[in-house]
Structure formats: structure tokens, C-alpha cells
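Down below is the structure, laid out as C-alpha cells.
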Amino acid sequence: MAQSTVVKTLGISGSLRKGSYNTAALRAAVELVPDGMSLEIADISQIPLYNDDVRQAGYPPVVQKFREQIAAADALLFASPEYNYSVSGVLKNAIDWLSRFTPQPFAGKPMAVFGASGGPLGTARSQYHLRQMMIFLDGRFVNKPEVMIGAAPSKFADGKFNDEVGSKLLTDLGASLVLAVRQSKAAATVK
Ligand SMILES: Cc1cc2nc3c(=O)[nH]c(=O)nc-3n(C[C@H](O)[C@H](O)[C@H](O)COP(=O)(O)O)c2cc1C
């Protein structure tokens, strides 16, 4: 892959609420992307609760659209809230739907995660659960930097992320993802 090619990234927030810190940080990340990266945010709000009977009758169009968005993306960026020490049900549900497709769309896909919460750990436990899920689904998470936005209410104003350290980390996380995509594409061309 030419170094000048833009790494198309799909952002996925695990929170549906309007005032979500995670979605606000993801929106900020759109503005903070490093050179060589673009970021579009997926809308997963209409994905129904997983039901295998429904799946066998035919994937809902909204799920198919999400699959196509993931397939078209070079990389994924998750904004993962922490619900009861894990990922939100909304995010888990979306991943469960996608995981049933063949080919399985997360396999081999470069991905990164960050999260925001009111507590001091900034969604650390949620992020590690997401990483654990993606072991089974063969997603390729970048390891560093870890972006855990704790004490979130103090880092957002008027729905906007305004933390300088966190903003730099989001840019650095994007750069790490760009590098991972380029390395993975370069490796794929080696015979
Ligand atoms: C059902 C539920 C469970 C939660 N569990 C945790 C938790 O385990 N750890 C944590 O730090 N915050 C927890 N919180 C607080 C969320 O981190 C906080 O509501 C955060 O703002 C949610 O993300 P959002 O702003 O993107 O919607 C929980 C909130 C809800 C609604």
C-alpha cells in the first residue's frame, strides 16, 4: 500500500445517548486524525437485539449495512463505554450480529479502542473485555497507546472533548492504527 493512501477508518461508539462522552470523544477524534487517516462514524442505534431466528430468516438491512461499512474500512476505532465492568450491551449486540457472517468481518482487521467514564479507570475493564472478544474473532488490536479517559465530566464541556492530553492520545492512537494497517498491507504483498 502506498504511504500516501488514506487509511479509511470506521468509528463505532458503544453508547447511544445524545450526551455520550464516548461518542463526543469519537467525534473529536474525527478532527484529531493524523495525516493519512480518515474517520467516519457508524450509526448502530437501529440494530435490533440479536435473535438467531431472525438471522436465519435473513440479516436485517441495518446489520447488512454495518457489515458493508466494516468491509469497506481499512480499520476500526471503538469508543467503548464501561457498563458493569464490561462493554455496553449495545456494542456487544452489534458485535454478536457481525460475528455470524461468513467471512467473519472482524478477522484480520486492524482496530483500536479508547473509552471514557466518570471513574478513575476510564473504561479499562471494558476495553480489556473488548480485546478479549476480539481474540476469538481474530481482530488485530493495536496495543499502544492505551487511551482511558477517566473523570470524564471534567474533560468535556458543551458536549465537546476538551482535554489536551487525551486529544494528543487520540491522535497518537490514530497514528498507531495507520501504522498497523500499512504494516498489515505490506505483509500481505510479501510472497
Ligand atoms: C448500566 C451502567 C453500568 C455502568 N457501569 C460502570 C462501570 O462498570 N464502570 C464505570 O466506570 N462506569 C460505569 N457506568 C457509568 C458510565 O461509565 C457512564 O454512565 C458513562 O457516561 C457512559 O458512557 P457514555 O457517556 O458514553 O454514555 C455505568 C453506567 C451504566 C448506565
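Remember, it's 1-based here, ligands and their atoms both numbered in the order they're listed. This is a predicted model, so every value here is computed, not measured.
Sequence neighbours left out, the pairs with a member in residues 78-99 that pass ring-ring contact (aromatic ring centres under 6.0 Å, His included) are Y50-W97. Screening residues 148-186 for ring-ring contact (aromatic ring centres under 6.0 Å, His included), with sequence neighbours left out, gives Y21-F156, F156-F161.
Heavy-atom contacts from other residues, nucleotides or ligands closer than 6.0 Å to CD of Q56 number more than 12. For N162, the CG atom is densely surrounded, since the number of other residues' heavy atoms within 6.0 Å is greater than 12.
Taking Ile, Leu, Val, Met, Phe, Trp and Tyr as members and joining any whose side-chain heavy atoms lie under 4.5 Å apart, directly or through other members, the hydrophobic cluster of M148 also contains Y128.
Side chains of S20 and N22: a donor-acceptor N/O pair is absent below 3.5 angstrom, by distance only.
Contacts of ligand 1 (protein heavy-atom distance under 4.0 Å) are S15, R17, S20, Y21, N22, P81, E82, Y83, N84, Y85, S117.
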